[in-house]
Colleague: 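Quick one: structure below, then a few questions.
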Amino acid sequence: MSRTHPAQPDPRATLRSGLPDRYLTPDDIAETFGVPLETVYQWRKKRTGPPGFRIGKHLRYDPADVHAYVSCCKDAA
């Protein structure tokens, strides 16, 4: 008997439909923006991408901060 695991929701769809009920991981950010994971880490190092924060050793992003970052980028264009 095979056990199926629930599929992870697409973070891009989650961001479009409203704030998710969890903080985003660097992998979520990379997938959302369609960039390599290393790019997300470079953004953090250079302070050019959405602001992240640490919970212990884990890097997380607040979806509201990601929305604000995207809005700021749109306004600058």
Side-chain angles (χ1 to χ4, degrees):
M1 179 183 232
S2 68
R3 188 176 288 214
T4 59
H5 297 285
Q8 287 275 29
D10 180 4
R12 290 171 292 196
T14 303
L15 287 173
R16 282 192 294 267
S17 65
L19 298 178
D21 59 355
R22 64 177 178 83
Y23 291 116
L24 302 172
T25 65
D27 288 325
D28 293 333
I29 298 298
E31 187 174 335
T32 297
F33 289 104
V35 298
L37 183 58
E38 184 59 32
T39 298
V40 175
Y41 290 119
Q42 287 298 317
W43 286 346
R44 178 152 169 84
K45 183 177 178 181
K46 296 176 184 178
R47 298 182 187 268
T48 59
F53 60 95
R54 291 228 174 255
I55 298 180
K57 66 179 183 176
H58 302 283
L59 178 60
R60 295 294 181 259
Y61 294 85
D62 187 328
D65 292 340
V66 175
H67 278 290
Y69 170 74
V70 170
S71 294
C72 182
C73 290
K74 285 177 158 180
D75 292 343

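Only this structure's heavy atoms are used, side chains among them; waters, hydrogens and symmetry mates stay out.
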Colleague: Let me check something: any side-chain donor-acceptor pairs from residues 38-55 under 3.5 Å, sequence neighbours excluded? List them with distances.
Modeller:
from, atom 1, to, atom 2, distance (Å)
E38, OE2, Q42, NE2, 3.1
R44, NH1, G52, O, 3.2
R54, NH1, K57, O, 2.9

Colleague: Return the minimal non-hydrogen interatomic distance between D28 and L24, and the atom names on each side.
Modeller: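 Closest heavy-atom pair between D28 and L24: OD2-CA, 3.5 Å.
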Colleague: Which heavy atom of D62 sits nearest a heavy atom of Y23, and at what distance?
Modeller: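 Looking at all heavy atoms of both residues, the closest pair is CA-CD2, 3.7 Å.
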Colleague: How long is the span from the OH atom in Y69 to the OH atom in Y61, to the nearest 0.5 Å?
Modeller: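 Reported value, rounded in 0.5 Å steps: 10.0 Å.
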